[in-house]
*Asks:* 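Got a structure for you, questions after.
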Amino acid sequence: MRESHLKILQYITATGIFFLVGLHLIVSHLSSGEPTDWTSVAQRATSAGWLAAYILILLFGIYHGMHGIRGLILELSLPNRAVKIMNWTILFIGIAVFGYAVYIPIQAF
Amino acid sequence: MEAASKEKVPLPNRLGIKGWAWAGRYKIERYLYTLHRLTGFGLLAYVALHLVANGSRLWGQGSWESTMNFLSNPGFKVGEYLVMVAFIIHALNGGRLMLQHLGFTLGKPKPPVYPYVDSMRRRRPLVWVLLALITALAIYVLVEFVISGD
């Protein structure tokens with residue numbers, strides 16, 4: 001994938017995170033009631049809408065974070081072989097974190 | 001394509017991470033660049049903690065409630081506020097960067113007439129608006145959700 005496409009994806013995920021995390025903050029934490037109560041958590045866990053929102057937040061957030069870290073590492077002027085290893089490592093870590101993180105809401109659903 | 005990428009030799013990054021903080025007369029945009037990175041790291045650290053805390057749900061209600069009790073101490077409350085401020089800074093500055101990278105805030109081209117004004121200075125008002133918004137939102141969050149205790 002070309003670098004410019006990866007950058008455009010960075011912008012798209014940033015916009016997605018902004019709206020989805022905003023929604024998550026407003027509904028889960030800033031509204032009335034106690035969002036971290038077990039009953040409240042268990043009730044949200046049964047909602048398909050929230051499950052979809054959590055999966056999208058995870059997808060967007062993990063891509064955005066991993067691509068951001070990759071950009072910082074690339075600035076260190078690594079040789080091509082090290083860049084390839086770093087790309088695969090970041091992809092592997094991203095997929096592993098997504099697998100763990102997405103299991104939590106799916107298991108609760 | 002493969003051969004071309006093998007020939008690429010990256011330019012040396014002589015300043016390294018030190019260059020984030022100082023390499024001469026940095027302008028305010030350069031410090032926003034450093035702040036963007038620091039807030040990004042902070043948000044990543046928070047997401048990692050958030051995922052670990054959410055994972056406690058897998059072991060049932062008792063595990064979840066003991067994790068929430070642990071996280072309700074004042075130190076974590078201060079941390080939550082810093083996370084919200086980091087989110088505000090990262091989101092608003094990210095929006096500014098997106099607008100600039102995509103060319104929306106460059107303005108119309110001007111002839112080079114003395115005294116010259118570079119594109120960075122022409123975009124400076126956007127930076128002041130951004131900083132004012134960040135300050136206002138940080139104060140709002142502090143008053144509304146931290147001091148009022150909601």
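We name chains A, B, ... by the order of the sequence lines, and we start the count at 1 in each one.
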*Asks:* Are B:Trp128 and B:Leu92 joined in one hydrophobic group, where the rule is that I, L, V, M, F, W and Y side chains link up if heavy atoms are under 4.5 Å apart?
*Replies:*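 Linked within one cluster.
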*Asks:* Quick check for you: to the nearest 0.5 Å, what is the distance between B:Met98 atom CE and A:Lys7 atom NZ?
*Replies:*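 Separation between the atoms: 10.5 Å.
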*Asks:* Tell me, with the steps shown, if A:Phe18 and B:His90 meet side-chain contact (heavy atoms from CB on, under 4.5 Å).
*Replies:* CA-CA 10 Å; A:Phe18 181 77; B:His90 201 82; over 6 Å; no
*Asks:* Test your reading of the model: is there a side-chain donor-acceptor pair from A:Tyr100 to the backbone of B:Leu51, 3.5 Å cut-off?
*Replies:*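 It does hold such a pair.
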*Asks:* A:Ile62 versus chain B, heavy atoms under 4.5 Å apart: side chain, backbone, both or neither?
*Replies:*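 No part of it gets close to chain B.
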*Asks:* Should the heavy atoms of other residues, nucleotides or ligands under 6.0 Å from CZ of A:Phe19 be counted, would the total exceed 12?
*Replies:*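 Not buried by this count: 12 neighbours or fewer within 6.0 Å.
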*Asks:* Non-hydrogen atoms of chain A under 4.5 Å away: do they reach the side chain of B:Gln61, the backbone, both or neither?
*Replies:*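 Both parts, heavy atoms under 4.5 Å.
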*Asks:* Where on B:Leu44 is there a heavy atom nearer than 4.5 Å to chain A: the side chain, the backbone, both, or neither?
*Replies:*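 For B:Leu44, the contact with chain A is made by the side chain alone.
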*Asks:* Please round to the nearest 0.5 Å and tell me the distance separating atom CH2 of A:Trp38 and atom CE of B:Met68.
*Replies:*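 Result: 10.0 Å between the selected atoms.
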*Asks:* How long is the gap from CZ on B:Arg37 to CG on A:Leu72, to the nearest 0.5 Å?
*Replies:*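 Interatomic distance, B:Arg37 CZ to A:Leu72 CG, rounded to 0.5 Å: 4.5 Å.
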*Asks:* Angle class for the B:His101/A:Tyr11 ring planes (parallel below 30°, perpendicular above 60°, tilted otherwise)?
*Replies:*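 Taking A:Tyr11 first and then B:His101, their aromatic rings sit tilted (interplane angle of 30° to 60°).
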*Asks:* B:Leu102 versus chain A, heavy atoms under 4.5 Å apart: side chain, backbone, both or neither?
*Replies:*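 For B:Leu102, side-chain heavy atoms alone lie under 4.5 Å from chain A.
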*Asks:* Measure A:Ile69 against the heavy atoms of chain B and call it side chain, backbone, both or neither at under 4.5 Å.
*Replies:*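 The side chain, not the backbone.
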*Asks:* Please give me the minimum heavy-atom distance between B:Arg57 and A:Ile104, naming the atom from each residue.
*Replies:*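 Closest approach of B:Arg57 to A:Ile104, heavy atoms only: NH2-O, 3.7 Å.
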